[in-house]
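What follows is a single structure, written as structure tokens, with notes after it.
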Amino acid sequence: MLELRYIRENAEAVRRAIRAKQLPDAVASLDAVLVADEHRRLLRGDLESLQARRNAASREIGARKQRGDDADDLMREMSEVAAEVKRLEERDTSLAGQIALHLLEIPNVPHESVPYGASEHDNVVEAEHGERRVDADLLPHWELAERSRWFDLEAGVTLTGAGFPVFKGVGARLVRGLAAFFLDRLAAQGYEEVLPPLLVNAASATATGQLPDKEGQMYEVTGGYYLIPTSEVSVTNLHRDQILDDDALPLRYCAYTPCFRREAGSYGKDVRGLNRVHQFDKVEMVQFTRPEDSYDALEAMTRTAEGLLEALGLPYRRLLMCTGDMGFTQAKKYDLEVWSPGQARWLEVSSISNMEAFQATRLATRSRPGGSDGRGKTRSVHTLNGSALAFPRTIAALLETYQQGDGSVLLPEVLRGYVGTDVLR
RNA sequence: GGAGGGUUGGCUGAGUGGUUGAAAGCGGCGGUCUUGAAAACCGUUGACGGCGCGAGCCGUCCGGGGGUUCGAAUCCCUCACCCUCCGCCA
């Protein structure tokens with residue numbers, strides 16, 4: 001959510017941002033906010049002076065009664081004022097509600113370095129790393145796994161439904177090893193490990209931007225809770241409604257969790273094997289930074305995720321997402337795509353974003369120089385997050401990249417200790 | 001599942017209708033003292049919003065929402081959450 005004052009003072013920039021993000025419906029929300037805000041400020045002028053009168057009179061009545069004097073005339077007069085105050089308060093509440101509602105429908109403003117674009121075709125490939133393996137004989141990961149039963153999609157269908165893979169044997173060990181490998185690397189770079197709840201309440205989902213606009217993405221469970229679609233939701237809400245110590249920023253967290261996504265409406269080659277599933281594991285990075293530091297943090301975070309792919313020896317490319325493809329809450333976003341030689345295509349394994357103050361405003365996460373009980377003025381923090389990395393496609397790329405003629409997979413050295421074997425058979 | 005108790009400022013915790021945005025303590029900040037520091041002492045210290053060039057003024061906020069009243073942290077209704085005990089349980 002953008003700050004109301006920012007919108008008021010930068011209405012045209014917000015309007016351009018809405019168009020650039022290809023969200024024309026939000027124009028109506030912006031106009032509704034501007035109109036309601038204008039009305040409300042006029043109304044509040046009247047309301048507040050009336051309230052001031054009432055407060056003064058009430059104090060006077062109290063003083064008179066204490067002396068034993070009569071105050072009936074003032075009380076009669078204030079009775080009318082009270083009725084008028086109530087009338088204005090109701091209108092004020094109604095306007096405030098409209099503003100709050102429509103504020104949630106206005107997307108974040110892209111950073112000036114983000115290229116304009118209408119769709120994913122306008123994303124910019126900024127870098128490509130590693131030598132892609134190209135060989136028509138290389139098998140896609142689902143064929144490799146079918147032979148060796150590293151994961152079992154059929155079993156998942158029986159247990160739950162399509163898109164819930166069951167990892168088994170050395171396949172399960174690979175998942176566990178990858179998690180430990182990623183977490184160790186992130187710990188070495190100063191990320192504190194967090195093991196958060198997998199269910200969150202509506203307030204948390206709203207604060208990070210899953211609600212109200214992406215409700216269909218999440219599984220909702222009894223009790224009004226939602227299964228997290230990413231640990232970004234849990235971890236970012238760690239500091240909801242808090243004033244942080246500005247001098248202690250940045251705060252850096254990482255979390256390894258399952259993620260649950262409904263992903264309605266996808267089909268075909270996109271959903272073969274591990275390409276797109278409803279439950280998957282992911283290690284996520286989350287940062288809370290000072291506003292002036294967030295873009296350096298975004299670059300560093302991206303480099304961290306890239307470092308993981310490099311350590312695994314997986315060729316990848318980095319995309320700078322254009323305005324039209326980067327989502328509602330982001331100001332700037334990179335995607336990392338890993339090369340899948342068995343499918344001869346790129347697979348997204350990481351998405352690293354700077355939300356600037358957009359989430360922090362909904363979260364009411366601020367910081368103050370000198371600590372939460374210091375004397376400095378509070379200000380919004382910036383939040384960032386990035387995958388490091390999403391497991392299924394990383395595993396797909398690993399299996400396909402390191403497959404050998406006999407269908408086995410020779411693990412990259414960095415993983416061998418974690419998985420407890422050199423070769424998957 | 002049953003019974004009871006709570007929700008107040010960065011923290012602990014007073015406060016049952018009238019200058020209470022809120023005692024006190026802790027913490028923070030400034031100062032006195034000190035070679036320096038600590039201790040002690042004095043002062044100061046909420047968030048959010050509107051208006052104003054500014055000094056500043058005004059409003060809202062004591063879990064959320066609604067009600068009673070000239071006036072509500074205080075009374076009533078309602079919802080949410082937390083805690084304790086019992087039962088059950090990994």
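Per chain, numbering begins at 1; letters A, B, ... match sequence-line order.
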Partner set under side-chain hydrogen bond (donor to acceptor under 3.5 Å, both in side chains) for A/Gln403, not counting sequence neighbours
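By the side-chain hydrogen bond (donor to acceptor under 3.5 Å, both in side chains) rule, A/Gln403 matches no residue at all.
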task = Pick base, sugar-phosphate or nothing for A/Leu74, based on heavy-atom distances below 4.0 Å to the nucleic acid.
result =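 A/Leu74: no heavy atom of the nucleic acid under 4.0 Å.
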Span that lies between the [atom1] atom of [M] and that of [N], in whole angstrom:
{"N": "B/A24", "M": "B/C61", "atom1": "P", "value": "23 Å"}
{"N": "B/C88", "M": "B/G10", "atom1": "C1'", "value": "40 Å"}
{"N": "B/A72", "M": "B/U68", "atom1": "P", "value": "12 Å"}
{"N": "B/C11", "M": "B/G18", "atom1": "P", "value": "28 Å"}
{"N": "B/G63", "M": "B/A47", "atom1": "C1'", "value": "16 Å"}
{"N": "B/C33", "M": "B/G43", "atom1": "C1'", "value": "15 Å"}
{"N": "B/A90", "M": "B/G4", "atom1": "C1'", "value": "27 Å"}
{"N": "B/U44", "M": "B/C26", "atom1": "C1'", "value": "16 Å"}

Separation of [X] atom [atom1] from [N] atom [atom2], in whole Å?
{"X": "A/Glu3", "N": "B/C48", "atom1": "CD", "atom2": "P", "result": "10 Å"}
{"X": "A/Arg366", "N": "B/G46", "atom1": "CZ", "atom2": "C1'", "result": "11 Å"}
{"X": "A/Leu95", "N": "B/G49", "atom1": "CG", "atom2": "C1'", "result": "15 Å"}
{"X": "A/Glu38", "N": "B/G50", "atom1": "CD", "atom2": "P", "result": "13 Å"}
{"X": "A/Leu244", "N": "B/A47", "atom1": "CG", "atom2": "C1'", "result": "15 Å"}
{"X": "A/Leu42", "N": "B/C51", "atom1": "CG", "atom2": "C1'", "result": "12 Å"}
{"X": "A/Ile243", "N": "B/G27", "atom1": "CD1", "atom2": "C1'", "result": "14 Å"}
{"X": "A/Arg368", "N": "B/G9", "atom1": "CZ", "atom2": "C1'", "result": "11 Å"}

(message) Which residues pass the side-chain contact (heavy atoms from CB on, under 4.5 Å) test with A/Ala28, not counting sequence neighbours?
(response)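 A/Ala28 satisfies side-chain contact (heavy atoms from CB on, under 4.5 Å) with no residue once adjacent residues are dropped.
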For A/Arg53, which residues count as a side-chain contact (heavy atoms from CB on, under 4.5 Å) partner, sequence neighbours excluded?
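Testing A/Arg53 for side-chain contact (heavy atoms from CB on, under 4.5 Å), a comparison that skips the adjacent residues, returns A/Leu50, A/Glu77, A/Met78, A/Val81.
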*Between A/Phe167 and A/Phe151, is the gap from one ring center to the other below 6.0 Å?*
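Yes, they do, as the ring centres are separated by less than 6.0 Å.
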>> Between A/Tyr225 and A/Tyr219, is the ring centroid distance below 6.0 Å?
In response: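 No: the rings miss the under 6.0 Å criterion.
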Are A/Asp245 and A/Arg368 close enough for a salt bridge, meaning some N to O gap below 4.0 Å?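 Not counted as a salt bridge, because no side-chain N and carboxylate O are separated by less than 4.0 Å.
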| Does the side chain of A/Arg41 get closer than 4.0 angstrom to OP1 or OP2 of B/C51 through an N or O atom? |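 Yes, within the criterion.
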| said: Does B/C48 have OP1 or OP2 under 4.0 Å away from a side-chain N or O of A/Arg379? | reply: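 Answer is no, no contact under 4.0 Å.
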Discussion item. Applying salt bridge (charged side-chain N to carboxylate O under 4.0 Å, His left out), can you list everything that pairs with A/Asp70, at least two apart in sequence or on another chain?
Written reply: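 Not a single residue meets the salt bridge (charged side-chain N to carboxylate O under 4.0 Å, His left out) criterion with A/Asp70.
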Residue list, salt bridge (charged side-chain N to carboxylate O under 4.0 Å, His left out) with A/Asp25, at least two apart or on another chain
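Applying salt bridge (charged side-chain N to carboxylate O under 4.0 Å, His left out) to A/Asp25 gives none.
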Protein and nucleotides 76-79 of chain B: nitrogen or oxygen contacts under 3.5 angstrom:
none

Toward the 5' end of RNA chain B, which comes first, A/Arg8 or A/Lys65, by nearest nucleotide?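 This one resolves to A/Lys65.
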Partners of A/Phe260 by ring-ring contact (aromatic ring centres under 6.0 Å, His included), sequence neighbours excluded?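 A/Phe260 satisfies ring-ring contact (aromatic ring centres under 6.0 Å, His included) with no other residue.
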| field | Those residues that, when tested against A/Phe181, pass ring-ring contact (aromatic ring centres under 6.0 Å, His included) (two or more places apart) | value |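 Listed in chain order: A/Tyr418.
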List, with names and distances, any nitrogen or oxygen atoms from the protein found under 3.5 Å away from nitrogen or oxygen atoms belonging to nucleotides 63-69 of chain B.
none

* Heavy atoms of other groups near A/Leu159 CG, more than 12 under 6.0 Å ->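 Yes.
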*asked:* Tell me if the CD atom of A/Glu89 is crowded by more than 12 foreign heavy atoms within 6.0 Å.
replied: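 More than 12 within 6.0 Å, yes.
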Exercise for review: Taking all non-hydrogen atoms of both residues into account, name the closest pair between A/Pro197 and A/Ile228 and its distance.
Suggested key: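 Shortest heavy-atom separation between A/Pro197 and A/Ile228 comes out as O-CD1, 4.0 Å.
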(message) Whether the A/Gln210 and A/Thr208 side chains hold a donor-acceptor pair (N or O, under 3.5 Å, no angle test) is what I'd like checked.
(response)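 Indeed, the side chains of A/Gln210 and A/Thr208 share at least one donor-acceptor pair under 3.5 Å.
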RNA chain B in dot-bracket form (Watson-Crick or G-U pairs under 3.5 Å, [ ] crossing, | inter-strand) is (((((((..(((.....[.....)))((((((.......))))))((((((....)))))).(((((..]....))))))))))))....
Please write out the pairs of protein N or O atoms and N or O atoms of nucleotides 54-61 of chain B separated by less than 3.5 Å, giving the distance to one decimal.
unit_1	atom_1	unit_2	atom_2	d
B/G59	OP1	A/Asn55	ND2	3.3
B/G59	O3'	A/Gln51	OE1	3.1
B/G59	O2'	A/Gln51	OE1	2.9
B/U60	OP1	A/Arg54	NH2	3.2
B/U60	OP2	A/Asn55	ND2	3.4

Under 3.5 Å, which donor-acceptor pairs do the side chains of residues 101-109 of chain A form with other protein atoms, sequence neighbours left out?
unit_1	atom_1	unit_2	atom_2	d
A/His102	ND1	A/Glu105	OE1	2.8
A/Glu105	OE1	A/Ser29	OG	2.6
A/Asn108	ND2	A/Thr329	O	2.9
A/Asn108	ND2	A/Met355	O	3.1

